[in-house]
Structures are given as structure tokens and as C-alpha cells.
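Every heavy atom of this structure was used, including side-chain atoms; hydrogens, water molecules and symmetry mates were not. Quick note on labels: first sequence line is chain A, next is B, and so on, each numbered from 1.
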2 protein chains.
Amino acid sequence: MTYRLPSLNSLRAFEAAARHLSFKTAASELGVTPGAVSQQVKKLEASLGVALFRRLPHGLLLTGAGETYLPRISRVFEDLTDATEEIAPDINGRKFTLGLCPKAAALLPEGWPAQRDALHPHVRQTIETSDVERIRRDEIDCLIRTGGGPYGDLALVELPNPTDRSGRSKLHFICKNGLADCRQSKAILADLGAVILPGS
Amino acid sequence: MTYRLPSLNSLRAFEAAARHLSFKTAASELGVTPGAVSQQVKKLEASLGVALFRRLPHGLLLTGAGETYLPRISRVFEDLTDATEEIAPDINGRKFTLGLCPKAAALLPEGWPAQRDALHPHVRQTIETSDVERIRRDEIDCLIRTGGGPYGDLALVELPNPTDRSGRSKLHFICKNGLADCRQSKAILADLGAVILPGS
DNA sequence: AATCAGACTCAGAAATTCTAATCCTGGAGG
DNA sequence: CCTCCAGGATTAGAATTTCTGAGTCTGATT
């Protein structure tokens, strides 16, 4: 049936790099080093015999081929994800257990996230904690706290403090690398964004 | 974007095995040993947490999950192939150089394959030879000859001898493993089938 | 001019995948 | 009933692929 295909690993590297236009960011999403992404993309380009990126001193651009390839590859990964979730709902559909430190909770609306309907499909329960290690121990999937860091190999998303528009004090959303872009995290972050910056 | 996906290798193994309902045949298509396919499929099932095959003493059956997964995965690989060919036409679109041994040529219509329009997009040239080694040396992509074998790791498709309906003497289509199912081979085989068994 | 961010390279380490040999099961045939 | 056979499972070790980590290079920024 299929005769020759590029390897999935290199396609994932390409897809992430093309989406971010950065090997470094892609590497962080994939949980590997930038060198690995660079090598995978180079391997892909070699196997296709076509350049996909134009390397500029600061950042990347897609070539024409890369431009037409990206949306189709992204689509393929989406289809694959959908098909996989259909038969194995647990693989990506698991609800998150969310850690929330008291200080952060005080900055958020009363009862968040329980009363946000949009989060029901994604959040199983909320635990009051500020211990980052519980992410590594898989006791919680993500943690919202006010300060701290650095968090080593964990992914970090910063959110402006809703009561401190100066931007000095921040809310931190922390999770395992590679989980920052999953549906659950996105839903939570979108909801927080809505809470914090209504209408923006 | 994508959070967790099964590995492409295991998906390829699944797709081929599900299509053939045989690890052995799938292994031959993929150019690996049956054990490798078995391992990949097992890994996939483990990572999904879902059984895809029911192992019967003689052959395989798909489970419900496998049944719904297969068409979607096949589709994904088709899309991937199409997208890849769009930007790198050479990867699968290369025209074949076809070896044809004199004895076999005598059994086929005068001038075959040159005068078959359907083969023009797939066949670059025809070389008179019966040397199987030229496939391994990449001098030709496939070879049609009357007898011989075994051909070791090369793929073999048998075609009935058009002038010997008893079936004892056969025409052999030989190519590298993994090339038997590509478009070019399929086109050639389809055309030979038409030549040999008109109307069937 | 110095600094910096990001991509590249390369050798060695780590992980994955494949092979090859052997085992196991159930059906077919004598 | 017994033997043979086909095909899948299993395993250790080999082969291959992929990743890391350190260092280099380039052009933009200060």
C-alpha cells in the first residue's frame, strides 16, 4: 500500500517547528533538545529532497514547500489524534487534577474553577497545594501558583496577576513538559485568560 | 498542539497487519520480520490500552476497536502520502525502469509495455535482462521473467503464463521488498493482468 | 566591541527497533 | 491418536536510530 514515507518523528519535529517557526520552542513542546529537532528536520528535508525551512539568523521561515506541507501535516496529526481518541478515549481525554495554591486561589473568582462549565470536561478535581513536586509525582497534572521557580524541566505559562496590572507579580501555570499544549491545559488557560482579561 | 500519539512505526505495523489480517504478510510488505510486526502491534495496543486484534490459531481478526481504527489510519497514511508527493514528487512518483527477460517478452504482446498508455506515467524504460541482481544494484526497479527463484529477500508476484493455462509455467514479477505495493508496481501488474486475463 | 539568541555540528550515550532462534497453539492429514 | 505444519509469541542480543551536551557560528542588539 504505502511505499515510502518520511518517519513520523521527523514529521512531528517539522510540524512543531513550522507552527512555532522556532526549533527551540518546538523542542520545548516535544520535550527534547533543539539539536534533536534540528537533526530530525534536516533528516526529513534530506529524505524528501526538498528544503522546508529558510534559516534566518533570528528564527525561521517556511519555504514554499514547507508552507504547503504544514497545514496538511497538521491535519494528519489532528485526524490521527481524533481517530486514536475515538478508540482509546483515555489516551488524551483524561480529566486533569489541578493543584491550586491558596494565594493564587485568593486572586481568582470565588469558587473557580468548579463553577466554570467550560472546564467540566477537562478538570476532575482541584487540590489545594503549592508543591511543584506533586506534578513530577503525577499526583496532579498542573499547578497554579503565584511565584517561585525556576521549575527545571517543567513547562511554565505566565499569566498576569488580575489584581496587579503593573505586571510585576504573576500567576504561574506549571505542568509537565509536553502537557502545556494539550486540550486540558488549553481549556484551563483559556478560561483563566477570560477570567483575568475579560473581553480581551 | 498534539499531546500524546502512538508512534508511527507501530501504526504502520498495525495498518499493514490489519489490512492483510496477517503479521507474516504485513512483515513481508514492510520488509521486516514477523516478530518485529508482532512487537510493534503489541506496543501499540499497550500504549492505547485497547486490544486491536484477536489472535486466533490460524490468522487474525480485528476487534471492534481495530475495526474502527483501521480505515481511519489507512486514510491518514493516504493523506500523508498525498501531501508528501505534492511537495516532493520524486519520493514516490519516480518512473520505474523495468527489466524484461526475452522469454517473458515473447509471451507478452508485441511492443509491451511501450504501447500501453496506462503505463507511460509509471515506466521510464525497459531493459532486456534476466539478471535478478540488477534489482539489488538498483539498476532496475523490477523484473519480469519466466522462472527461477527463490529470490531471497526480494518480493515476488506470480502471474499465470498467458500461453499456458495449465498454470504450471508462470511469469514472475520481482522487485525489492516494499516496492510490490507501490503505484508503479500496481500499474504494471494491473496492466499485465489485463493482458493475460482479458476481461477477467 | 561585547553580548545574546538561536541554529548548527559532532561524538558518544541512550533508547528503540530488528533479527534470529525457539516456543506454543490448534488444525489438517495419515 | 499422533505427527506435521502454519503462524503468532517471546527473548536476548545486535543493529540502528535518536537524543544529549558541549562547542561553534552568525547576525542583531546595546
Once you round it to whole Å, what is the distance between C1' of C/dC18 and CZ of B/R12?
15 Å
Given C/dT16, C/dC8, D/dC19, identify the nucleotide with an atom nearest to the side chain of B/K43.
C/dT16
For B/L56 and C/dG27, what is the distance between atoms CG and P respectively, to the nearest whole Å?
10 Å
Got a second to check how far B/D191's CG is from B/W112's CH2, nearest 0.5 Å?
6.0 Å
Does the A/T63 side chain pair with the main chain of A/R54, one donor and one acceptor, at a distance under 3.5 Å?
no
Side chain of A/S38: nearest nucleotide among D/dC19, C/dT9, C/dT17?
C/dT9
Aromatic plane relationship, B/F23 with B/F53 - under 30° parallel, 30 to 60° tilted, over 60° perpendicular
perpendicular
Picking from D/dT10, D/dT18, C/dT17, which would you name as closest to the side chain of B/K42?
D/dT10
Regarding B/S10 and B/S7, is there a side-chain donor-to-acceptor distance under 3.5 Å anywhere?
yes
In whole Å, what is the span from the CG atom of B/L60 to the C1' atom of D/dA6?
12 Å
Could you tell me how far apart B/L61 (CG) and D/dG7 (C1') are, to the nearest whole angstrom?
14 Å
So if I take every side-chain heavy atom of B/Q40 and compare against C/dT17, D/dT18, C/dT19, which nucleotide ends up nearest?
C/dT17
Rounded to whole Å, the CG-P distance (A/L30 to D/dT20) equals 10 Å
Quick note, A/V32 side chain, CB onward, closest among D/dG8, C/dC18, D/dC19 is D/dC19
Hey, are A/K103 and A/E128 close enough for a salt bridge, meaning a charged N less than 4.0 Å from a carboxylate O?
no
Just how far, in rounded Å, is P of C/dT16 from CG of B/L44?
15 Å
When you get a sec, tell me which of C/dA7, D/dT18, C/dT16 is the closest nucleotide to the side chain of A/K24?
C/dA7
How close or far is atom P of D/dT18 from atom CG of A/N9, stated in whole angstroms?
6 Å
How is B/Q39 classified with respect to the nucleic acid when contacts are heavy atoms under 4.0 Å: base, sugar-phosphate, or nothing?
base
If you compare every side-chain N and O of A/S22 against the phosphate oxygens of C/dA7 (OP1, OP2), does one of them come in below 4.0 Å?
yes
On the nucleotide D/dG7, are OP1 or OP2 found under 4.0 Å from the side-chain N or O atoms that B/R55 carries?
no
Would you mind reading off the distance between A/L21 atom CG and C/dA5 atom P, rounded to a whole angstrom?
19 Å
